[in-house]
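Report on one structure; see the data block that follows.
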There are 2 protein chains.
Amino acid sequence: MTQLLDVRKMNILRAIVDDYILTAAPVGSRTLSKRDDIELSPATIRNEMSDLTELGFLEQPHTSAGRIPSEKAYRLYVSNIMDRAKLTDDEAEYIKAHLQRRVSEVGDVIKETARMLSGITKYTSIVQMPHLKNARLKHISLIPVTTGSALAVVVTNSGATNSTMLNVPSGITSDHLEKITSLMNERLAGYKLVDVQKTLLPMLREEVGEQADSVAAMLGSLSDDIDRQDYEVVGAANMLDYPEYSDVSKARSFLTELERGEIFKEVLSDGSGVELTVRIGTENDNPELKDCSVITICYRVGGEQVGSMAVIGPTRMDYEKVVAVLKCMSESLSSVLSGMLLSSPDGGRNE
Amino acid sequence: MTQLLDVRKMNILRAIVDDYILTAAPVGSRTLSKRDDIELSPATIRNEMSDLTELGFLEQPHTSAGRIPSEKAYRLYVSNIMDRAKLTDDEAEYIKAHLQRRVSEVGDVIKETARMLSGITKYTSIVQMPHLKNARLKHISLIPVTTGSALAVVVTNSGATNSTMLNVPSGITSDHLEKITSLMNERLAGYKLVDVQKTLLPMLREEVGEQADSVAAMLGSLSDDIDRQDYEVVGAANMLDYPEYSDVSKARSFLTELERGEIFKEVLSDGSGVELTVRIGTENDNPELKDCSVITICYRVGGEQVGSMAVIGPTRMDYEKVVAVLKCMSESLSSVLSGMLLSSPDGGRNE
DNA sequence: TGTTAGCACTCACTCTCTCCGAGTGCTAAT
DNA sequence: ATTAGCACTCGGAGAGAGTGAGTGCTAACA
């Protein structure tokens, strides 16, 4: 990387990206030469810019305009600021404090996270609700609601719960229902929900004697519910503030795509394992995001990754700030959630 | 009303509103005279238009432009189309069919309702989740989750459930917790949740012997949860298709206001009792909605009103269509929900 | 007396043209 | 290797002119 571009080119490129992030306008050689950190004449800078254009780091909207950074330039830029990105202690404190005020419901904490994320960055934020796949089943309760339905409450060792309405087939007696419940608790407790869903529930289906089919359907819908994923999206309207979206039809298609909801899967999915991902422009699978960058980070409860969050902004977003905020937010959210969910002695570590 | 404006004026006014709803452009006398339903010369129409302007039904953006309807005109227009508004049987069938495909979870039905509402009208839709205030408590279960917390599951006679995580004060034994639960069930079952919340829970607090304060806090948070209201908003991006919002800053402030969430309270609140409400332009309390019209209708479960839904569009929205769709949707949703929630013999009527 | 034709006037829009300036690339001097 | 100088490019802002949809008034008409 360093051998690819000499120091002077690097400086110029960084300066261009910095400037373009700020102004959204093509950057010219004169503008750059006025900067304190570049002590070169416009002509020299022009030569360097010409080189950078040839190397694919800069683009020219039209002949008589300045240069704008290419995706390649952002890539390089991002890899350089990555370690530099850090919030001041004050800002970090602020985030932590605000998040901790809202500690009654998990959903509220997630909402507040999304709100702060978009509030601070001025971009669009998406925060995933924590999923339970890796949590271990503690027990399942079935609460009869009407004669035709019952509420299944799944309690995990991480303290999180999830409840689904199940259709109870009319032929099933409450005795039978109790038997099924205790069978489930006996056989499934202690296993990860993802395993319960994928292998154990199907196995169990076969064991159920009478009414096997309808019980299977019931267990199936319980299984489906574990997959259910929800997201909080905040700050979509922020995008309208950027000249990139001053064209209403662009804004429209972005918002529509956001509402469609498919974005979330693409954006948040493969974050598993990786701490932080930056996807710039066309690196995003979704063509609707080709002028956007998406930065994703995951958060944890008790060391186990349970969800992720992302910030979506124009490709010329303030990467440094967004990375810094996301890092801090991920830490804060992880600790707040861990505090909420693992408060009891028996709700401890997963591994 | 009829004596206020003679038939010819009424016809002209209606034609202007119709045309303006379609085109969003000021309507001129020549355009009107070309219509089949108005057989007058432009000059005559001009005279009538002049009168209508004086009477406050029409406005003129500038001297050499046509006329646009005033809020007063929309009011009159709406009161006239109100009974006319009706969907074809096909459309009604379509709505009902689509809604019934999604009958697993109440939340999904509400989402689908919102989606269809904005899909058909091309405006923004808000649908309130059904509230439980008027449902009667059947029983409460407390499921221990960790030593510090329990999940309270509230089951009502309408079959709907609601669950909240409660902090269980550390001093309370599981014996004590059981006692509290059975005390609650004994004393509160059969009452409306709104009464449970407002008068019965506070009374109960005083009766709890030991640990009164912390139990009270627990009951308090249970009570808070009954008030919790959620909404589904769909189609905000639709507004960008209308020339009214081709100004990005207007679109931006509308979307921001929508995200802030206060709108919902204002929009959906006082629908109680009234079947259908039309609020035009400045009739809305929220100044952000002064260029919008909001049509609200409530929906019921088993005859009892449990929520409402609204469509927000520009003041020149297609009132007839929106009213018709809302009426149909309210009926369909009411019947689907009633079917879902009241399916059991003992989950019947509330009154 | 209500309706219509005719006419002068208004005014937002669109189109064209020009001008301006920021920016480039090349060449020659340092 | 760097820089000053210069000719050239091209988008965008601004000024005018022309267009046309629309009005209001007046006078003629049925």
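Per chain, numbering begins at 1; letters A, B, ... match sequence-line order. Note that the structure is predicted; figures quoted are calculated from it, not measured. As a basis for the values below, the full set of heavy atoms in this structure was taken, side chains included, without hydrogen atoms, waters or symmetry mates.
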Exercise. B/Ser50 near the nucleic acid: base, sugar-phosphate alone, or nothing, with a heavy-atom cut-off under 4.0 Å?
Worked result: nothing
In a table with atom names and distances, give each donor-acceptor pair under 3.5 Å that connects a side chain of residues 56-71 of chain B to protein atoms at least two apart or in another chain.
| from | atom 1 | to | atom 2 | distance (Å) |
| --- | --- | --- | --- | --- |
| B/Gln60 | NE2 | B/Thr63 | O | 3.1 |
| B/Arg67 | NE | B/Thr53 | OG1 | 2.8 |
| B/Arg67 | NH2 | B/Thr53 | OG1 | 3.2 |
| B/Ser70 | OG | B/Gly56 | O | 2.7 |
| B/Ser70 | OG | B/Phe57 | O | 3.2 |
| B/Ser70 | OG | B/Lys72 | N | 3.3 |
| B/Ser70 | OG | B/Ala73 | N | 3.3 |
| B/Glu71 | OE1 | B/Thr282 | OG1 | 2.8 |
| B/Glu71 | OE2 | B/Thr282 | N | 2.9 |
| B/Glu71 | OE2 | B/Thr282 | OG1 | 3.2 |

Exercise. To the nearest Å, how far apart are B/Ile38 CD1 and C/dT3 C1'?
Worked result: 15 Å
For this session: Consider the side chain of A/Thr63, meaning its heavy atoms from C-beta on, and name the nucleotide among D/dT9, D/dT23, C/dT4 that approaches it most closely.
Result: D/dT9
Exercise. Which part of the nucleic acid, if any, lies within reach of B/Thr44 when heavy atoms closer than 4.0 Å are counted: base, sugar-phosphate only, or nothing?
Worked result: base
Exercise. To the nearest Å, how far apart are B/Glu54 CD and D/dG24 P?
Worked result: 10 Å
Exercise. Considering only side-chain heavy atoms of A/Ser41, which listed nucleotide, D/dT3, D/dC10, C/dT24, is closest?
Worked result: D/dT3
Which pairs would a plain distance check flag for residues 321-330 of chain B, meaning a side-chain donor or acceptor within less than 3.5 Å of a matching protein atom at least two apart in sequence or in another chain?
| from | atom 1 | to | atom 2 | distance (Å) |
| --- | --- | --- | --- | --- |
| B/Lys321 | NZ | B/Ile120 | O | 3.3 |
| B/Lys327 | NZ | B/Met82 | O | 3.4 |
| B/Ser330 | OG | B/Cys298 | O | 2.9 |

Exercise. Could you state the interatomic distance from CG (B/Asn11) to CD (B/Glu48), rounded to the nearest 0.5 Å?
Worked result: 10.5 Å
Exercise. Do you know the tightest heavy-atom contact between A/Val278 and A/Glu283?
Worked result: O-OE1, 3.6 Å
Exercise. Any N or O donor-acceptor pair linking the side chain of A/Arg30 to the base of C/dG23 at under 3.5 Å?
Worked result: no
Exercise. Which listed nucleotide (C/dA5, D/dT3, C/dT24) is nearest to the side chain of A/Gln60?
Worked result: C/dT24
For this session: Grab the CG-P distance between B/Asp6 and C/dT3 for me, whole Å please.
Result: 10 Å
For this session: Ignoring backbone atoms, establish whether A/Arg8 has a side-chain N or O less than 4.0 Å from OP1 or OP2 of D/dT2.
Result: yes
Exercise. How long is the line joining CG of B/Leu32 and P of C/dT4, in whole Å?
Worked result: 14 Å
Seminar exercise, completed: note: B/Arg46, atom CZ; C/dT3, atom C1'; distance rounded to Å ~ 12 Å
For this session: Calculate the interatomic distance between B/Asn47 atom CG and C/dG2 atom P; express it in whole Å.
Result: 11 Å
Exercise. Which nucleotide, C/dT4, D/dA4, D/dC10, lies nearest any side-chain atom of A/His62?
Worked result: D/dC10
For this session: Please determine, for the side chain of A/Ser64, which listed nucleotide (C/dA22, D/dG24, C/dG25) has the closest atom?
Result: C/dA22
